[in-house]
Protein chains: 2
Amino acid sequence: MWLNLMAKKALTTEEKILEAAKKVFHRKGYEGARMQEIADEAGINKALLHYYFRTKENLFDAVFKAAFREIFTKLFTTVDSNVPLEEKLKNLINEYICFLQKNSYIPGFILAELNQNPEKIIEVFKSVPVSPSLLFERMKKSVNDEKLEKTDVRELFINILSLCIFPIIARPMIQHIFEFSDEEFDQFIEKRKKELPVFIMNAIRKK
Amino acid sequence: MWLNLMAKKALTTEEKILEAAKKVFHRKGYEGARMQEIADEAGINKALLHYYFRTKENLFDAVFKAAFREIFTKLFTTVDSNVPLEEKLKNLINEYICFLQKNSYIPGFILAELNQNPEKIIEVFKSVPVSPSLLFERMKKSVNDEKLEKTDVRELFINILSLCIFPIIARPMIQHIFEFSDEEFDQFIEKRKKELPVFIMNAIRKK
DNA sequence: GTCTATATGGCGATAGAC
DNA sequence: GTCTATCGCCATATAGAC
């Protein structure tokens, strides 16, 4: 990326604020986040946050939309690729889980907010160009011409998302149940990348 | 239940508080919940909350532990039952999803708090007699003597939980994506109760 | 644009009468 | 045990100098 070689100072103040807000909101949620903490994280003053975004809510919306765009955009590239279903599934799951590993706060963040303020969050959904509904339509097309067990594509779609996303948001619980260290958890997820496509293909393939 | 025929007034004040706190914490999370709102919901005064529980945190802990106990206790009864794997799976998923339907705030609540304050929540886990680790051990035993695809029981365990829980916490998103009314969503979940066991058995059965 | 200082309101918690 | 009144703090937001 064109920014990689530049010093951090090259970020505009607005970018610094958004980066900082992202970190804090992802960790603490809307109610838990403090404007002071965001200001500290950005290395600037609290008043400046309000100069740029006027309210906490505005700032939150910006961060939420970005998270939402990120997490769905990734899915499009592979769903639209032109390869057989099994391979597409493999790519999809592999790349998606990789993305989730690097952005592990996003799904929990989105679901937590979805849980605590569904109406508002759905409003934000609608204002974002990357629509999960569209994603679903694409997937439907690419599954329909395969010879498979009578599969409701909606079920399949939800199953794939469930299997990818849940382990990431339940991470602390899983580590506790299985007594996984951080490394062991990462290995567990690595293994999942390979085994999930097999699991799913077995489930839907005609026998 | 022995309370069913009694008027609401028969609840002790402490019970009324716990009921009210449950509703509010489940909806709003720890940070979002207001002692005033809990007091209103319970039909009592704010000062009385502190008389009974001293701090917001104490009250939250009580509610969180109860939720945690509820959601895992249910799983034990069916995992321990003495029937073939396929049937056990069917019962497990059916009863578990039924429970989740009636208590749809619990998983989102737990995961949201787990996300925002993992250390503290894990502490609460440890203080509760119903341990998910124990649950996992039971399941391991009941799967190991079946003839199945080489299946990592931990993966299977997580897959089952993922497939049951995720759709419940992602409900508002799913309704939005598929343009489901409340009734249609309920039908969708009803169908899942029947299809999930088939999906999972297909995935793990030797061919 | 960026800072310091301050206003304003809300929330958890307590004091004290009954 | 239950209430009213209030304290003290902290968070969002604004005023105003530089």
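Hydrogens, waters and symmetry mates play no part in the numbers below; they use all other heavy atoms, side chains included. A note on names: the letters A, B, ... follow the listed sequences, proteins ahead of strands, and every chain is numbered from 1.
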What's the [atom1]-[atom2] distance between [X] and [N], to the nearest Å?
X       : N      : atom1 : atom2 : answer
A:Tyr52 : D:dT14 : OH    : P     : 17 Å
A:Ile44 : C:dT4  : CD1   : P     : 12 Å
B:Ile17 : D:dG1  : CD1   : P     : 11 Å
A:Glu14 : C:dT2  : CD    : P     : 11 Å
B:Asp40 : D:dT2  : CG    : P     : 16 Å
A:Glu37 : D:dC10 : CD    : P     : 15 Å
A:Lys28 : D:dC10 : NZ    : P     : 15 Å

Requested in this report: Count the heavy atoms of every other residue, nucleotide or ligand shown that sit under 6.0 Å from NZ of A:Lys56, and state whether that count exceeds 12.
Outcome: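 Counting neighbours around NZ of A:Lys56, more than 12 heavy atoms of other residues, nucleotides or ligands fall under 6.0 Å, so yes.
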
Classify the angle between the aromatic ring planes of [X] and [Y] as parallel (below 30°), tilted (30 to 60°) or perpendicular (above 60°).
X        : Y        : value
B:Phe99  : B:Tyr96  : parallel
A:Phe60  : A:Tyr30  : perpendicular
A:Phe178 : B:Phe136 : perpendicular

| message | As an exercise, state the distance from CG of B:Asn94 to CG of B:Leu196, rounded to the nearest 0.5 Å. | response |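 That separation rounds to 10.5 Å.
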
Reading nucleotides 12-18 of chain C from 5' to 3' and marking B where a protein heavy atom lies under 4.0 Å of the base, S where only the sugar-phosphate is that close, and - otherwise, the string is BBBB---

Q) What about A:Phe64 and A:Phe109, are their ring centers closer than 6.0 Å? A)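 Aromatic pair counts; centres sit under 6.0 Å.
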
